[in-house]
Amino acid sequence: CGEMALPVLEEEAVVQTDELVTLRLQEVMELLRRDLLFSSLVQWLKGEQNLLKAWFELSRYHYPFLDEHAVLRRIDGIARDIWMELNPNLTVFEQVRVFNHIFYKKHGFRGAGTATPLADHFMIHRVLADGIGHSLSLGILYMEIARRVDISLSGVILPVHFVLAHMGENRGASANSEGPEPLFYVDVSHGGRVFSTREIQTVLEAAQMPAKPQYFQPCTKTDLILNLLRTLAAAHQTEGNTRFSLGLEALAGDLTQHSF
């Protein structure tokens, strides 16, 4: 069993003095961790699809000794700070304004703001510690904390960007998609700025890109995690970590097969 073999290999890698043997041990351990990640994500696909759980497992693939309880305590603490400032008389727009103040001003989160994201911008504990994240990782964190304080948000995958949508109640169909039009969107990379469907249309028109329905509607949790895997693979490739990049691309391909 790979999970049982890993501690033995880790101990051997620490005491090993032969560089070639150490390198080989590291390669074997990475393959075992990737297999464990694949197994956990396949189970995730079949279960309740908790986004934080999938994100944590992906981060632990890179940082094997990551403390899940510490991560959850930190997230629950942020949610508690926000919950204390909310009241049932606020509109959803006012709730998001309060959320943004605590999330961005008090806790200092911000978008990475670079065209070339770093792999650490996708790691759950690094985002929590440094306050900096790619739109995907920051979006998952924002969305999951919002869920804890009863603000319903969903992810929307745009070309080279990720935003959140609040669907509201009894919304009519959108002219750009097959489903109901979101009440508003939230740009997590820019201070939680609230914007409308029209802004997405304007951006797509300026880039001469077609207004595909998926650019306006919430994605599935499966699509979100697959997008996270592929975007992280690209970040690894940029950093020269080809082995990690190819491994994550292969993992995303295998999971795609299991998702149908």
Side-chain angles (χ1 to χ4, degrees), residues 1-11 13-14 26 29-83 102-103 106-109 112 117-151 153 155 162 164 188 220-222 224-233 235-236 241 244 247-248 251-252 254-255 258:
C1 177
E3 195 166 7
M4 295 177 63
L6 271 171
V8 177
L9 295 174
E10 287 161 356
E11 289 180 7
V14 169
Q26 290 172 342
M29 286 188 293
E30 185 184 325
L31 287 172
L32 290 175
R33 290 186 185 117
R34 192 187 308 158
D35 287 344
L36 290 172
L37 175 59
F38 175 72
S39 296
S40 66
L41 290 179
V42 167
Q43 291 303 311
W44 179 84
L45 287 172
K46 299 175 181 177
E48 62 180 15
Q49 296 196 350
N50 181 308
L51 282 174
L52 278 182
K53 183 64 177 177
W55 187 18
F56 180 84
E57 292 298 337
L58 177 57
S59 300
R60 186 162 61 178
Y61 166 59
H62 296 76
Y63 293 90
F65 303 105
L66 194 53
D67 185 343
E68 184 173 8
H69 294 295
V71 166
L72 291 176
R73 282 195 301 270
R74 173 83 168 103
I75 291 172
D76 288 339
I78 299 168
R80 187 164 50 250
D81 287 347
I82 295 170
W83 180 260
I102 303 299
F103 189 77
K106 180 175 180 178
H107 288 280
F109 289 103
L118 303 176
D120 268 358
H121 291 158
F122 297 87
M123 302 296 108
I124 191 168
H125 65 303
R126 296 310 322 163
V127 175
L128 288 168
D130 302 335
I132 304 173
H134 183 272
S135 60
L136 279 164
S137 52
L138 206 59
I140 294 173
L141 180 62
Y142 191 115
M143 183 166 42
E144 286 298 297
I145 293 175
R147 184 177 61 83
R148 282 164 160 74
V149 298
D150 296 328
I151 300 175
L153 295 167
F162 178 76
L164 302 179
V188 295
T220 66
K221 293 179 179 180
T222 299
L224 175 48
I225 292 302
L226 288 172
N227 194 265
L228 181 63
L229 284 168
R230 293 189 174 107
T231 310
L232 176 55
H236 277 303
N241 299 326
F244 267 111
L248 289 171
L251 181 62
D254 291 341
L255 282 174
H258 277 264

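Count residues from 1 along the sequence.
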> After noting the C-alpha distance and the side-chain angles of Trp55 and Leu141, does the key distance pass the side-chain contact (heavy atoms from CB on, under 4.5 Å) rule?
Replying inline: CA-CA 10 Å; Trp55 187 18; Leu141 180 62; 3.9 Å; yes
> Where do Trp83 and Asp150 land on the side-chain contact (heavy atoms from CB on, under 4.5 Å) test, with the steps shown first?
Replying inline: CA-CA 9 Å; Trp83 180 260; Asp150 296 328; 3.7 Å; yes
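The distance from atom CG of Asp254 to atom CG of Asp35, rounded to the nearest 0.5 Å, is 10.0 Å. Rounded to the nearest 0.5 Å, atoms CH2 (Trp44) and CG (Asn50) are 9.0 Å apart. How far CG of Asp76 is from CZ of Arg148: 5.0 Å, rounded to the nearest 0.5 Å. How far CD1 of Ile145 is from CZ of Arg74: 8.0 Å, rounded to the nearest 0.5 Å. Residue Asp67 holds its CG atom at 6.0 Å from CZ of Arg73, rounded to the nearest 0.5 Å. For the atom pair CG (Leu45) and CD (Gln49), the distance works out to 6.0 Å, reported to the nearest 0.5 Å.
When side chains are defined from C-beta on, Phe109 counts as touching Ile78, because their heavy atoms get closer than 4.5 Å. Contact of the Leu58 side chain with the Leu248 side chain is registered, since non-hydrogen atoms from C-beta on lie closer than 4.5 Å. When side chains are defined from C-beta on, Leu66 counts as touching Ile124, because their heavy atoms get closer than 4.5 Å. Counting heavy atoms from C-beta on, the side chains of His134 and Leu138 never come closer than 4.5 Å. Here the side chains of Leu228 and Ile140 are in contact, with some heavy-atom distance below 4.5 Å.
Taking each heavy atom of Ala119 and Ala235 in turn, the nearest pair found is N-CB, 4.1 Å. Contact between Leu153 and Ala146 at its shortest, heavy atoms only, is CD1-CB, 3.8 Å. Here the shortest heavy-atom pairing between Ala79 and Val149 reads O-CG1, 3.4 Å.
Between the side chain of Ser135 and the main chain of Phe162, a donor-acceptor pair closer than 3.5 Å is present. One N or O on the side chain of Thr231 and one on the backbone of Asn227 form a donor-acceptor pair closer than 3.5 Å.
Leu31 pairs by the side chain to side chain contact (heavy atoms under 4.5 Å, CB included) definition with Arg34, not counting sequence neighbours. Under the salt bridge (Lys or Arg N to Asp or Glu O under 4.0 Å) criterion, Lys106 pairs with Asp81, not counting sequence neighbours. Arg147 pairs by the salt bridge (Lys or Arg N to Asp or Glu O under 4.0 Å) definition with Glu144, not counting sequence neighbours.
Taking the six-membered ring for Trp and thresholds of 30 and 60 degrees, Phe38 and His258 have ring planes more than 60 degrees apart, a perpendicular arrangement. Using cut-offs of 30° and 60° on the angle between ring planes, the pair His125 and Tyr63 is perpendicular. The aromatic rings of Tyr142 and Phe103 lie perpendicular to each other, with more than 60° between the two planes, well past the 30° mark. Ring geometry for His62 versus Phe244: interplanar angle under 30°, hence parallel rather than tilted (30 to 60°).
A salt bridge links Glu68 with Lys53; the closest basic N to acidic carboxylate O contact falls under 4.0 Å.
Results of the side chain to side chain contact (heavy atoms under 4.5 Å, CB included) test with Met143 over Leu164, Leu52, Ile151 single out Leu164 as the only residue that passes. Among Thr222, Leu226, Leu37, the single residue meeting the side chain to side chain contact (heavy atoms under 4.5 Å, CB included) criterion with Leu255 is Leu226. Applying the side chain to side chain contact (heavy atoms under 4.5 Å, CB included) test between Ser137 and each of Leu128, Ile132, Val127 identifies Val127 as the sole match.
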